[in-house]
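Contents: one structure, followed by commentary.
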2 protein chains.
Amino acid sequence: MTSPRSPRTGSPADGSHGRHGADGVGGPSVRVPERGIPEATVARLPVYLRALTGLSERGTATCSSEELAGAAGVNSAKLRKDLSYLGSYGTRGVGYDVEYLRYQIAREIGVTQDWPVVIVGIGNLGHALAKYSGFSSRGFRIVALLDADPRRQGEEVAGLGVRPFEEVDALVERHRVAIGVIATPAVAAQEVCDRLVAAGVTSILNFAPAVLSVPEGVDVRKVDLSIELQILAYHEQRKTLADVLDGTPVASGAVRS
Amino acid sequence: MTSPRSPRTGSPADGSHGRHGADGVGGPSVRVPERGIPEATVARLPVYLRALTGLSERGTATCSSEELAGAAGVNSAKLRKDLSYLGSYGTRGVGYDVEYLRYQIAREIGVTQDWPVVIVGIGNLGHALAKYSGFSSRGFRIVALLDADPRRQGEEVAGLGVRPFEEVDALVERHRVAIGVIATPAVAAQEVCDRLVAAGVTSILNFAPAVLSVPEGVDVRKVDLSIELQILAYHEQRKTLADVLDGTPVASGAVRS
DNA sequence: AGGAGTTTGTGAACGGGAGAACAAACCGAG
DNA sequence: CTCGGTTTGTTCTCCCGTTCACAAACTCCT
Ligand SMILES: NC(=O)c1ccc[n+]([C@@H]2O[C@H](COP(=O)([O-])OP(=O)(O)OC[C@H]3O[C@@H](n4cnc5c(N)ncnc54)[C@H](O)[C@@H]3O)[C@@H](O)[C@H]2O)c1
Ligand SMILES: NC(=O)c1ccc[n+]([C@@H]2O[C@H](COP(=O)([O-])OP(=O)(O)OC[C@H]3O[C@@H](n4cnc5c(N)ncnc54)[C@H](O)[C@@H]3O)[C@@H](O)[C@H]2O)c1
């Protein structure tokens with residue numbers, strides 16, 4: 001069932017985004033910005049953006065790195081270093097202009113204009129995602145809801161009809177969709193992923209507990225709520241074990257058969 | 001509104017789990033295992049667990065690090081190093097016993113018995129979480145659904161009634177709840193978090209787009225779907241910008257005012 | 001104008017994780 | 001019992017990310 005029929009490049013679907021090479025040793029004559037922002041910084045920019053939006057709504061015109069770092073929940077030195085990758089947008093002795101910095105980060109992330117998004121699998125989670133109003137205010141517009149189950153199709157969710165999954169090619173092309181969300185059961189995830197990629201989607205957010213293989217050039221991010229809970233459980237167990245202070249009778253031996 | 005009344009220790013709510021010290025230089029006489037598993041490894045253990053469950057269901061008795069790494073989507077060297085933190089559970093020249101390793105990882109994570117969990121905020125997302133059947137098979141049991149809105153209360157979701165948030169203390173105590181899930185709007189998240197912690201919860205999974213401050217000893221993990229999409233958007237933008245091959249007219253200057 | 005105070009941007013040290021590579025250990029055949 | 005093939009566990013090296021610390025740059029007050 002899971003035997004790989006089509007030879008896909010088993011990309012990690014993790015941090016390593018297959019950089020498009022071009023790190024040639026050749027001459028730096030053309031003055032390409034070539035600003036490779038570290039992945040860890042990219043992951044924090046949206047947090048800064050949210051914090052700046054909050055400050056802006058509260059009427060704050062400027063803020064120091066200390067303030068912004070506090071609102072974002074990070075170290076101020078880390079914040080400054082992160083922002084320095086975008087350029088020198090602050091003023092020494094003063095701080096950052098909230099609106100100006102907010103726009104610069106939004107532009108850097110690419111959310112100054114909306115990204116069309118399709119959601120596949122309109123079950124429990126798909127419904128919640130479709131109804132969520134927060135996406136539209138953060139640079140995303142859900143343009144299609146797809147499901148393979150005929151009983152789901154036709155239903156209206158958040159002003160959008162659930163369409164048959166077969167229409168994926170037409171819809172992706174019509175709306176120029178680059179980002180797809182997978183909220184189907186795990187067994188269907190790889191198949192859905194392949195179809196999305198074939199239709200032209202090059203970025204995927206996967207909620208199904210499954211490892212996706214995608215060709216190079218396609219980014220995958222996964223959100224696994226069970227894993228998050230299990231990480232919490234691990235630390236929780238260590239807390240309570242620390243209370244017992246010894247536990248683990250011998251912890252070795254391990255007889256096995 | 002967001003002014004910190006009670007002086008909380010603004011903990012990062014990120015990787016740094018305030019280790020309970022005790023890394024004394026003193027005599028190692030009591031033979032404490034003291035196995036500090038790296039955070040990155042802890043985050044991958046649930047993935048291995050899921051992969052092993054899959055292999056087990058498919059009837060596989062043993063597997064090599066290569067196979068398991070493939071199923072988990074990681075490098076085999078990384079997998080072996082991760083597993084070595086738990087102990088030597090493999091057999092050289094043979095591989096790993098699937099059932100045995102599965103149990104060992106489950107025990108290490110702490111999901112050999114169920115963890116009781118409360119969900120706060122039974123809106124779009126809270127409903128989806130409450131109805132999700134995957135948690136129970138992965139070591140978690142949802143014991144209470146809480147909401148502040150009287151119109152939500154009394155509703156039955158997945159065989160569990162939605163209770164008033166005021167009952168949080170009684171429910172947490174009665175079920176010995178250590179893990180709480182926050183699915184309320186962002187403005188309510190800190191307040192809900194404080195109440196949960198006061199009730200005795202020491203691990204929190206936060207879906208609201210807000211930075212939570214918690215006292216030391218409490219772990220917070222956040223899941224922010226907008227951030228995931230924005231990270232994808234950033235890379236997507238760079239892909240299309242790479243196609244244009246130059247873009248960014250001058251990219252410097254930045255006149256401001 | 002000059003100086004004190006403030007805050008940014010960045011160089012440098014440091015720590016942790018990723019990956020390659022290899023010795024040790026195990027199995028099975030002969 | 002020995003030997004070749006296989007796979008683990010671990011060591012070593014490199015790289016990325018975090019954090020400290022400070023010079024440069026700006027404002028404001030005198
Ligand atoms: N609901 C949650 O809170 C939650 C939590 C963690 C993980 N997940 C994961 O998210 C995914 C969705 O969860 P859910 O609770 O919404 O499940 P669900 O069963 O309620 O919904 C799945 C939907 O996908 C559709 N579907 C199935 N196969 C399809 C295909 N090949 N193409 C298109 N659509 C298809 C189904 O018709 C259904 O509507 C699952 O993988 C689940 O493990 C969900
Ligand atoms: N729905 C999604 O797909 C999605 C996606 C990303 C992020 N989020 C975030 O998850 C959170 C929940 O989203 P949602 O769509 O379910 O929102 P929602 O408005 O549908 O549900 C929120 C629920 O929380 C309850 N609530 C409000 N204040 C409360 C309080 N003080 N105590 C207890 N309960 C309280 C409300 O009564 C409501 O039932 C939000 O913070 C949202 O930003 C949701």
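Keep in mind it's a predicted model, so treat the numbers as computed, not measured. Reminder, nothing fancy here: chain letters follow the sequence lines and each chain counts from 1.
No donor-acceptor pair under 3.5 Å is formed between the side chain of B:T91 and the backbone N or O of B:V94.
Side-chain atoms of B:K78 lie closest to C:dA18 of the nucleotides C:dA18, D:dT18, C:dG9. In the set D:dT27, C:dA18, D:dT10, the nucleotide with an atom closest to the side chain of B:S84 is D:dT10.
Note on A:Y85: every side-chain N or O is 4.0 Å or more away from OP1 and OP2 of D:dG17. The phosphate of D:dT7 has neither OP1 nor OP2 within less than 4.0 Å of any side-chain N or O from B:S65. Applying the 4.0 Å criterion to OP1 and OP2 of D:dG17, one finds that A:N75 has every side-chain N and O outside that range.
Side-chain atoms of B:R107 and B:T112 form no donor-acceptor pair, as typed in the model, at a separation below 3.5 Å.
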Under-3.5 Å N/O pairs linking protein and nucleotides 28-30 of chain C:
none

Distances for protein N or O near nucleotides 11-14 of chain D N or O, under 3.5 Å:
residue: D:dC12; atom: N4; partner: B:K81; partner atom: NZ; Å: 3.4

Distances under 3.5 Å only, N/O to N/O: pair up the protein atoms with those of nucleotides 21-24 of chain C.
residue: C:dA24; atom: N3; partner: B:R92; partner atom: NH1; Å: 2.7

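Under the 4.0 Å criterion applied to side-chain N and carboxylate O atoms, B:D97 and B:R102 are not assigned as salt-bridge partners.
Contact annotation: the side chain of B:E236 approaches that of A:T202 to within less than 4.5 Å [non-hydrogen atoms, C-beta and beyond].
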